[in-house]
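Following: one structure in structure tokens, then a few remarks.
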Amino acid sequence: MPPPDRPDGGASARTAVVLGAGMAGLAISRVLSDFVDTVILVEPHALPADDRPRGGVPQAHHLHGLNMRGLRTLEELFPGLDEEVQAAGSLRLDPGRDALTCFPTGTAPLMDTDLRARLSSRALLEARIRARVLALDPVELRTGPRATGLVTDPAGRRIRAVTTTEGDIPGDLIVDATGRFSPLPRWLASLGLPAPPTRTVDAGVGYASALFEAPDQSWLGLMHPSVCPNLTRGAYIAKIDHRWMVTLYGTCGDHPPTDPDGFRAFAATLNNPAVTTFLHNARPLSPIHRYRRTENHRTDYHRIRPWPDRLLVAGDAACALNPIYGQGIGVALEQALLLRSLLTRRTDLTGLARDFQRRLPTTTAYAWHMSAFQDAMWERHRNGRTTRLDRVISWYLHGLYRAAVQDPKTMEGFIQVFHRAAPPSRLLHPRVIFRILRNGSA
Ligand SMILES: Cc1cc2nc3c(=O)[nH]c(=O)nc-3n(C[C@H](O)[C@H](O)[C@H](O)COP(=O)(O)OP(=O)(O)OC[C@H]3O[C@@H](n4cnc5c(N)ncnc54)[C@H](O)[C@@H]3O)c2cc1C
């Protein structure tokens, strides 16, 4: 897309300061580079020139997939990047044809779909996006400084700079993309602003992941989901960047161990022959890494009135999701598209931040509801507060999984909803309901 007119009509140079060179920070920098003169990207950690994992993103040791919607958004922001990542060894797959889905009711039938998804190491995906962004003229990377606060104008209405461990950095726009552990609520409190409303839904999920060398399989990915309330354990296996990554997880605090024997023993309890055989023939290539901060956590910054002008919050800093649903990157990329659409329509940066925050929930709503709906059931189960409705939903889901194993059309609907190619109501289609009722309770 050709750069549109400058927001200020070219009258004066504009600088944006983006905090955090993760997925949201990179995507937002890509968009801003078309609209401002300088984008200063601030990242406390050293960024490798190649695709090794780096500090600041501990999740990089765990499997990262992009669903169909995320992949499309990636291509819209970075045309050709998907092919580039493919050439580097990451795999694009048809989630119906190339991935095994192992429900407690059996393995779902494989089928061709017109959907495409991507499995990749986080490090490779991020490194390729980063290379694109850093090649943009307006983007200037500053590694080392950690953002520590905000500076306002004397009236306290507009953010003018960010304070960092290496001095203040002034900007016409400041973007918080510091991820799940964003310090912004603290910074706002120190400016005398009210605490934003937050919502946390925690299924108590813990991950353990490792890389393996293993013979090629008839599939590229395997998903063994946990199922509320009885099956707390799940697994993902995927071929990424010429190796295999195995991620085991458990909900409600039933977390996989990180010692090799414990890891294999946990996997064996899934009673899934495909997982057991895979691990039997696999040789570990890495230590086992764990990750436990997986709660869905949303901060409703759009409810703070008045919102300080020139301050944007994006990515996990605004809405972090349980990673087992694989939605976070796609949502962060969509927020960059939202910013682009707002910047394309306006000539002034004033008020942009308020408009962005107000519209941000539209980019997170689907993923939030998908994650938080299921995790709220886990949370209630964990706290001994299961409701009658939870029991009905669990019954329905078991019926759905059974139907998906028997009926390719139902499975196709399941895949489409997971990849955001169809609304969740697709799983309430009369045909699906009829099949579930005909099968009786699971
Ligand atoms: C275990 C796990 C697995 C996941 N799997 C998937 C998946 O399969 N698919 C998917 O779509 N999503 C997945 N996610 C979610 C995904 O990783 C995040 O949604 C995504 O990285 C969000 O991007 P972000 O830029 O907001 O945050 P991050 O990518 O985490 O980046 C935040 C950046 O901010 C920097 N930073 C932190 N503090 C400061 C500061 N004070 N000043 C300046 N910079 C700072 C950090 O160093 C980091 O570089 C997973 C997450 C986890 C935890």
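Arg385 has no carboxylate O lying under 4.0 Å from a charged side-chain N of Glu379, or vice versa, which leaves the two without a salt bridge. One finds no salt bridge joining Glu334 and Arg340 here, because no Lys/Arg side-chain nitrogen approaches an Asp/Glu carboxylate oxygen to under 4.0 Å. In summary, Arg431 and Asp407 engage in a salt bridge, as defined by a charged side-chain N under 4.0 Å from a carboxylate O. The pair Arg128-Asp82 does not count as a salt bridge, with every side-chain nitrogen at least 4.0 angstrom from each carboxylate oxygen. Between Glu412 and Lys409, at least one side-chain nitrogen of the basic residue sits less than 4.0 Å from a carboxylate oxygen of the acidic one, meeting the salt-bridge criterion. Of the charged side-chain nitrogens involved, at least one lies within less than 4.0 Å of a carboxylate oxygen, so that Arg298 and Asp300 count as a salt-bridged pair. Arg132 and Glu84 are joined by a salt bridge, as a carboxylate oxygen and a charged side-chain nitrogen come within less than 4.0 angstrom of each other.
A donor-acceptor contact shorter than 3.5 Å links the side chain of Asp172 to the backbone of Thr15. A donor-acceptor pair is defined here as one N or O able to donate and one able to accept, closer than 3.5 Å; no such pair exists between the side chain of Arg54 and the backbone of Pro58. Between the side chain of Arg69 and the main chain of Leu66, no donor-acceptor pair closer than 3.5 Å is present. Using modelled atom types, no side-chain atom of Ser182 and backbone atom of Gly179 make a donor-acceptor pair closer than 3.5 Å. For the pair Arg292 (side chain) and His255 (backbone), a donor-acceptor distance under 3.5 Å is absent. Proximity of a side-chain donor or acceptor of Thr152 to a complementary backbone N or O of Arg158 within less than 3.5 Å is not detected. Although no hydrogens or angles enter the test, the distance criterion places no donor-acceptor pair under 3.5 Å between the side chain of Glu126 and the main chain of Met23. No donor-acceptor pair closer than 3.5 Å links the side chain of Asp375 to the backbone N or O of Ala372. Between the side chain of Tyr236 and the main chain of Ile324, a donor-acceptor pair closer than 3.5 Å is present. Under the 3.5 Å distance criterion, the side-chain polar atoms of Arg130 are left unmatched by any main-chain donor or acceptor of Leu125.
Between Leu339 atom CG and Ile28 atom CD1 the span is 5.0 Å, to the nearest 0.5 Å.
A donor and an acceptor atom, one from each side chain of Asp202 and Thr200, are nowhere located under 3.5 Å apart. In this structure, a donor-acceptor pair under 3.5 Å is present between the side chains of Thr148 and Thr163. Under 3.5 Å, the side chains of Glu43 and His45 contain a donor-acceptor pair of N or O atoms. Side-chain N/O atoms of Asp94 and Thr113 include a donor and acceptor closer than 3.5 Å.
A 6.0 Å sphere centred on CZ of Arg290 holds no more than 12 heavy atoms belonging to other residues, nucleotides or ligands. For CZ of Arg72, the number of neighbouring non-hydrogen atoms (other residues, nucleotides, ligands) closer than 6.0 Å is 12 at most. More than 12 non-hydrogen atoms from other residues, nucleotides or ligands lie less than 6.0 angstrom from CG of Asp50. Surrounding CZ of Arg157 are at most 12 heavy atoms belonging to other residues, nucleotides or ligands under 6.0 Å away.
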For residues 219-229, please give each side-chain donor-acceptor pair under 3.5 Å, one per line with the distance, not counting sequence neighbours.
| from | atom 1 | to | atom 2 | distance (Å) |
| --- | --- | --- | --- | --- |
| His224 | ND1 | Asn272 | ND2 | 2.9 |
| Ser226 | OG | Tyr249 | OH | 3.4 |

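The shortest non-hydrogen separation linking Pro308 to Ala353 is O-CB, 4.3 Å.
Here Phe414 and Phe103 bring their ring centres to under 6.0 angstrom of each other. Ring-centre distance between Tyr291 and Tyr207: not below the 6.0 Å cut-off.
Between Trp378 and His381, the ring planes lie perpendicular to each other; the angle is over 60°, past the 30° to 60° tilted range.
You'll find the side chain of Leu184 reaches within 4.5 Å of the side chain of Leu311, heavy atoms only.
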Step by step, would you call Gln59 with Arg180 a side chain to side chain donor-acceptor pair (under 3.5 Å)? CA-CA 11 Å; Gln59 68 265 44; Arg180 183 179 273 275; over 6 Å; no
